[in-house]
Amino acid sequence: MSTITLTVNNKRHTLEVADNRTLRSVLVQLGYRSVRDSDDGEGFVGSDTVLLNDIPVYANLTLAVQADGATIRTAESLGNSRHLNAVQQAMVDSGVVQSAYNAPAAALLLTWLLEHHPEPTREQVKEVLSGLFIRDSGYEQYYTAVKLASERMKTGAYQSEIAPSFRDNLTYVGKPKGKVDGAVLVAGEPAFVEDRVQPGYYSMVILRSPHAHAYIKKIDISEALKVEGVETIITHENCPDVYYMQAGQSNPEPSPHDRRLLNQKVRHVGDRVAAIVAETEEQAIEARDKIKVEYEVLKPVFTVEEAMADGAPRVHNGIVEFRSGEPEGLAEYNKDADPRDGKVVYMFPLHGDIRRNIASAARGQIGDVEKGFAEADTVIERTYRTTQIQCTPLEPHICYARIEGGRLELHASTQVPYHVRRIVGWVCQIPENKIRVIKERVGGGYGSKQDVLVEDLVGYATWITGKPVFYRNTREEEFIANSTRHPMRVTVKMGAKKDGTITAVEMDVRANTGPYGNHCLTVPMNACSKTLPLLAVDNMKFQVITYYSNIAPTGAYQGYGAPKGSYALMTCMAELAEAVGIDYFQMAMKNKVETGYMLEILRGLGEGREGNVVPVGSCGLEESLVRGAKMIEWGKKVEGPSPEWKVGKGFAMIQQGSGLPGLDHGNAWAKLLTDGTFQIFSGGADIGTGLDTVTAKMISEAFCVPLDRVTVTSGDTDSCTFDTGAFASSGTYFSGGASYKAAEDLRRNLLAEAALQMEEDVDDLSLRAPGEVYSTKTGAVLSYAELSHTALSGTGRGQVMGSGSFTTLHNSIPYGAHFAQVAVNTRTGEVKVQKFYALQDAGTPINPELAMGQLYGAALKSIGHTLYENMILDEEGRCLNPNFTDYGVPMISEVPEDFKAVLIDVNDEVGPYGAKSISEIATNGAAPAIATAIFDAVGIWMRSWPFSPEKILKELGKIQ
Amino acid sequence: MIQEFLVASNISDALALKRNNTKSMWFAGGTEINRYGSTLDAKVGISLKALGLDQIVDEGPSIRIGSMVNLQQLIDSPLVPAWLKEAARYCGSYTRRHMATIGGNLALMSDHSFLVPALLASRCTLMTANLTEGGAYSEDEVPVREYYTYYKQHATTLILAISLPKDKRYVGSRRYALSVQNRSAANVAFGAMMGEGLVISHVRVVAAIHGSGVQRLSEVENAIEAGELSSREDVQLAVSQALEAVDDFVGSSQYKRYIAAEGIGQLFGEFLKGGAR
Ligand SMILES: Cc1cc2nc3c(=O)[nH]c(=O)nc-3n(C[C@H](O)[C@H](O)[C@H](O)COP(=O)(O)OP(=O)(O)OC[C@H]3O[C@@H](n4cnc5c(N)ncnc54)[C@H](O)[C@@H]3O)c2cc1C
Ligand code: FES
């Protein structure tokens with residue numbers, strides 16, 4: 001122990017610390033909670049950045065004793081949510097504060113930079129941010145934030161444009177107005193699950209499987225239970241016999257219920273073996289070390305090819321059941337089942353065959369592909385492969401649960417609070433009214449928090465023990481026991497006539513779902529459903545088969561299967577163009593869909609049921625292509641900086657959806673408060689993307705009141721109404737659509753009440769700033785405050801409220817095109833993305849600055865997937881790179897030299913104020929755009945991502 | 001993770017603390033010692049922060065860089081040659097560069113080292129301090145190649161400073177990794193002098209290869225000095241044959257051999273074109 005003195009934010013602290021305590025843990029203990037950690041002290045992410053004697057350091061990589069006598073600044077010194085400093089405010093205004101787990105660290109670094117260099121260069125900004133990993137918004141808008149802050153510090157006002165504006169007739173929608181939760185987030189104030197944990201909580205740790213495939217023969221917890229402080233240990237022997245699915249999807253789920261909380265069979269390295277709850281984490285770890293497990297190790301399968309081989313080991317060999325649509329001969333099929341494997345319960349048939357490791361399958365077609373291929377002058381068939389990718393949210397999966405008033409209360413970092421409630425209810429076997437889920441701010445989700453990966457266990461442990469339980473994944477657990485991108489093998493066969501008309505397309509998708517079938521139908525289906533409808537081709541056919549294996553789990557990841565499908569389909573189209581001898585851009589222009597084209601292909605692309613055939617609605621595809629081609633100077637050859645650097649250009653057409661028509665559902669309700677301000681309750685889960693701001697804008701726009709007159713309560717299952725959750729690009733469209741309808745309903749009710757109070761006809765009344773009802777006939781005015789006061793007086797008619805529910809069968813598809821210019825080094829295999837232009841139509845971008853951030857963030861993420869991100873397993877199924885340094889994620893140094901996001905202005909006919917979705921689609925372009933650019937540069941086709949230098953060198957014939 | 005942190009008040013004190021504490025380790029920036037997943041194992045950290053080793057001094061014929069100088073200081077100092085600044089930039093994080101020291105980096109001698117290949121290629125000298133067996137204080141000037149060759153024997157040696165001769169010598173390095181902050185597959189360096197009549201001398205060829213450690217390719221050095229390898233292609237071939245490399249998650253052995261040879265070939269080509277750095 002040592003006595004140290006720290007002066008933190010001008011306050012002196014003298015305290016006794018153990019020599020091995022990190023500076024971060026001491027700062028957090030002293031109340032400086034903005035100093036966060038994203039990697040358990042790896043020293044990579046920088047969420048723990050502080051200034052030590054005016055020098056930036058990682059507090060988690062520094063011992064507290066090292067800092068004895070030092071002056072320390074944390075983000076708390078900058079300002080608070082009500083008084084932000086210029087940098088914090090500029091960060092909020094420019095749209096970089098999104099999931100924001102390390103936004104306080106960024107604000108601290110940039111404030112420091114501006115203190116030393118009031119007008120920093122781009123290089124200086126890049127340098128200072130180089131030690132910070134930012135996953136949500138890419139890095140590009142940070143340059144804008146610094147510029148704005150610098151201008152304001154110098155002149156008192158911004159001189160530059162924050163972001164483009166849309167819709168001149170609207171005041172809030174389509175305008176950069178900041179993010180309603182931005183101030184709290186950038187100031188580092190309590191917002192995340194970890195900030196809600198009360199003293200006296202119990203810790204949970206998990207014993208995980210060292211084997212990829214094994215039966216637990218024996219598990220002995222007797223010694224572990226003797227460890228002081230241990231409250232309970234949950235194993236497959238004492239957990240509820242409830243089969244469920246962790247994928248937070250629509251109910252009934254298009255994923256098999258193929259797991260219990262803990263299973264007798266472990267199916268991947270890192271699978272749950274036991275959960276230990278104890279008074280302290282140290283006690284829980286000590287107990288974990290004392291659990292004795294005997295395994296019967298089985299041969300694992302890791303690839304689609306291994307899984308489909310005759311006689312392959314069966315990942316699931318239990319009893320198969322169906323909740324509906326049971327096929328004939330099931331009893332016979334189940335004869336072979338091994339009870340140790342448990343069950344696989346299908347809610348409805350997904351064409352799985354677990355004895356052949358098939359979790360689900362689907363197929364469909366339009367026209368006659370054989371005829372189409374016969375009509376073609378050239379037919380090619382190519383196979384593309386993608387690897388397993390990690391979402392890497394900066395805030396790992398985390399949950400804190402406690403019993404409150406006899407009910408189970410979960411503080412969760414989730415995209416799907418209502419599915420958490422349902423699934424935890426199933427597991428605990430308690431009704432939903434006994435559970436409250438409070439979605440806190442989410443420090444990054446990207447799909448992985450659509451899956452209920454920790455709440456099930458924490459909720460159950462709390463329910464049975466009655467104790468408050470806290471659990472947080474380590475970064476390694478984030479890699480090995482989490483949702484990741486499904487690795488896929490996609491074969492595309494395509495035929496075209498000499499003039500470039502595509503006559504037929506056939507797509508064969510083989511997906512690897514790993515140990516459990518999370519999203520095993522929907523993710524691979526998206527490889528087809530979010531790509532094939534880009535093409536106006538009469539003959540199309542697809543087949544999707546998903547296999548179980550023993551790799552680390554997979555699940556939802558931004559874009560679902562679309563990035564993989566897009567990579568295969570677009571690259572194959574470029575290969576076909578080359579084979580036909582026509583320019584790839586011309587081929588795209590010739591075969592793309594346009595408004596009004598009837599999307600027959602959608603019929604076969606529903607998620608487990610027949611899809612709706614609709615025509616293409618609002619569509620910015622052509623404009624994206626034409627403008628993008630102009631920006632990148634398509635067709636103009638560019639010389640590299642030296643002979644070994646070859647430059648090439650590529651692009652891809654992209655699309656996604658705006659939620660799932662006929663499946664997704666949003667609800668909201670709103671009320672007028674007594675002083676004329678508003679509160680709106682949305683079921684939607686804002687995961688950092690700005691959904692709460694969309695919600696607030698629905699009220700602001702309808703009632704002509706500024707955003708600070710509107711309070712948004714969202715993601716709390718007690719006070720808000722049901723919403724399917726933040727996935728499948730549904731936020732703005734479905735949840736925002738519900739808020740729009742609630743605002744309209746409230747508006748109608750408010751006008752009706754005003755008409756009665758003012759004794760006027762409703763048709764003569766309108767609403768206007770700063771918050772009043774105005775009679776166009778008499779000129780009479782009634783403020784919302786007066787109106788509400790009267791309505792709520794003893795003789796009033798009661799609170800003015802409104803509600804809205806949004807469902808649709810319409811498909812508001814966002815479209816776009818991503819263009820890349822790359823330089824490839826023919827001697828080293830390096831690929832540099834010199835230019836990346838992401839052009840997308842999001843309908844009306846309700847929060848343009850946040851939409852741009854989503855776009856930059858998703859595009860950069862997909863550049864990472866394309867070039868280097870990759871989970872590598874050894875022959876036993878152990879992940880060899882479960883940390884940031886070895887896995888590799890794009891940092892500011894990897895941002896393309898010229899990176900532009902362009903919002904193409906189209907107005908959708910169904911979405912709220914004409915909005916469609918923005919972010920998922922932006923993950924679909926990089927792989928095919930870069931692959932086609934590489935071909936243009938050096939004449940090789942990259943048919944497997946990531947395009948590492950080693951693979952490039954192999955294709956170039958430099959190594960074998 | 002260390003359990004006890006001792007701050008040495010002067011160099012003799014540091015050496016005494018080291019000798020008197022089993023399982024102790026010099027503690028510089030701590031970026032490797034404190035890091036999650038570090039392979040370093042010590043119970044006691046002996047902090048060097050109070051020893052005044054954080055200066056860069058122009059000593060006329062050479063530049064003396066204190067072992068506690070951090071990588072950002074190297075970049076910011078006008079005294080430091082370009083080749084060393086470039087190697088310091090291989091540490092892609094500005095924040096980490098402020099914490100990581102040159103002494104710590106050198107002492108780690110890691111297979112993905114930022115600085116070791118370049119420092120070895122530079123023929124720098126290390127100022128070291130140690131206690132003799134009898135406990136007497138001794139300072140030494142150790143050529144970096146000797147420190148490398150007898151690395152294990154230097155386990156208790158305290159590096160005080162690195163002395164860079166100002167002679168007209170070419171030094172260059174190249175680092176190959178998937179991204180700036182990924183672990184490198186290879187970091188290679190080449191150093192040499194071009195004398196009268198284009199005689200090449202004092203050649204150093206070094207490669208830090210992931211999974212196979214830091215390698216000094218003496219045979220290649222000798223062959224270049226002897227004029228047996230005179231073209232970039234010759235050097236590349238010789239390097240790829242001389243290098244040890246294994247397959248691992250960072251890359252195949254073939255890739256590592258290829259890329260290291262390519263890098264050294266490039267550096268050799270640059271050297272031939274002339275110019276000291
Ligand atoms: C995320 C991350 C990635 C990293 N990647 C790399 C990488 O790619 N390449 C790389 O080279 N390093 C890497 N490092 C390690 C490290 O940051 C650097 O090597 C750094 O230069 C070590 O210096 P330090 O002062 O922090 O060393 P410390 O951690 O303090 O010490 C490291 C070792 O050096 C010894 N030592 C320190 N000073 C002296 C001295 N004066 N005399 C003798 N021995 C001494 C210590 O006893 C200890 O054994 C990485 C670190 C992190 C956190
Ligand atoms: S050590 Fe910096 S975020 Fe973990």
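Quick note on labels: first sequence line is chain A, next is B, and so on, each numbered from 1.
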Enquirer: How long is the gap from CE on Met99(B) to OG1 on Thr62(A), to the nearest 0.5 Å?
Expert: 3.5 Å
Enquirer: Check whether Ser47(B) gets within reach of chain A through its side chain, its backbone, both or neither, counting any heavy atom under 4.5 Å.
Expert: neither
Enquirer: Measuring from atom CG of Asn53(A) to atom NE2 of His98(B), what distance do you get when rounded to the nearest 0.5 angstrom?
Expert: 12.0 Å
Enquirer: With rounding to the nearest 0.5 Å, note down the distance linking OH in Tyr36(B) to CG in Asn883(A).
Expert: 8.5 Å
Enquirer: Against chain A, work out which of Lys256(B), Gln266(B), Arg232(B), Glu32(B) has the most heavy-atom pairs shorter than 4.5 Å and name it.
Expert: Arg232(B)
Enquirer: Gln181(B) side chain to Phe44(A) main-chain N or O, any donor-acceptor pair under 3.5 Å?
Expert: no
Enquirer: State, to 0.1 Å, how close Pro949(A) and Leu178(B) come at their nearest heavy-atom pair, and which atoms those are.
Expert: CD-CD2, 3.6 Å
Enquirer: Tell me which of these, Glu262(B), Gln3(B), Lys49(B), has more heavy-atom pairs under 4.5 Å with chain A than the rest.
Expert: Glu262(B)
Enquirer: Ignoring hydrogens and angles, tell me if any N or O in the side chain of Gln254(B) forms a donor-acceptor pair with the backbone of Gln960(A) under 3.5 Å.
Expert: yes
Enquirer: Taking side chain as everything from C-beta outward and backbone as N, CA, C, O, which of these in Ile259(B) sits under 4.5 Å from a heavy atom of chain A? Side chain, backbone, both or neither.
Expert: side chain
Enquirer: Measuring heavy-atom distances to chain B, does Leu61(A) have an atom under 4.5 Å in its side chain, in its backbone, in both, or in neither?
Expert: both
Enquirer: Would you mind checking which part of Glu894(A) comes under 4.5 Å of any heavy atom in chain B, side chain (CB onward), backbone (N, CA, C, O), both or neither?
Expert: side chain
Enquirer: Between Asn34(B) and Gln66(A), is there a side-chain donor-acceptor contact under 3.5 Å, judged purely by atom types and distance?
Expert: yes
Enquirer: When only pairs under 4.5 Å are counted, which of Ile872(A), Val65(A), Leu132(A) shares the most heavy-atom pairs with chain B?
Expert: Val65(A)
Enquirer: In a check of side-chain contact (heavy atoms from CB on, under 4.5 Å) between Phe249(B) and each of Asp874(A), Leu873(A), Asn881(A), which one passes?
Expert: Asn881(A)
Enquirer: Sort Leu63(A) into side chain, backbone, both or neither according to what part of it lies under 4.5 angstrom from a heavy atom of chain B.
Expert: both
Enquirer: Checking heavy atoms, do the side chain of Lys958(A), its backbone, both or neither come under 4.5 Å from chain B?
Expert: both
Enquirer: Mind checking the CG-NZ spacing from Asn20(A) to Lys43(B)? Nearest 0.5 Å is all I need.
Expert: 10.0 Å
Enquirer: Applying a criterion of heavy atom separation less than 4.5 Å, what residues of residues 88-97 of chain B form contacts with chain A?
Expert: Arg89(B), Gly92(B), Ser93(B), Tyr94(B), Thr95(B), Arg96(B), Arg97(B)
Enquirer: Tell me which one of Asp39(A), Thr885(A), Asn60(A) satisfies side-chain contact (heavy atoms from CB on, under 4.5 Å) with Arg35(B).
Expert: Thr885(A)
Enquirer: Which residue out of Leu953(A), Val889(A), Asp886(A) racks up the most heavy-atom pairs below 4.5 Å with chain B?
Expert: Asp886(A)
Enquirer: Atom OH in Tyr255(B), atom OG1 in Thr828(A): separation rounded to 0.5 Å?
Expert: 7.5 Å
Enquirer: Please check if atom CD in Gln124(A) has more than 12 non-hydrogen atoms from other residues, nucleotides or ligands closer than 6.0 Å.
Expert: yes
Enquirer: I need the residue from Ser252(B), Gly37(B), Ala185(B), Gly45(B) with the largest number of non-hydrogen atom pairs under 4.5 Å to chain A.
Expert: Ser252(B)
Enquirer: To the closest 0.5 Å, what do you measure between CZ (Arg827(A)) and OH (Tyr258(B))?
Expert: 6.0 Å
Enquirer: Kindly write out the residues that satisfy salt bridge (Lys or Arg N to Asp or Glu O under 4.0 Å) with Glu876(A), not counting sequence neighbours, or none if the list is empty.
Expert: Arg878(A)
Enquirer: Quick one: what part of Ile55(A) sits under 4.5 Å from any heavy atom of chain B, side chain, backbone, both or neither?
Expert: side chain
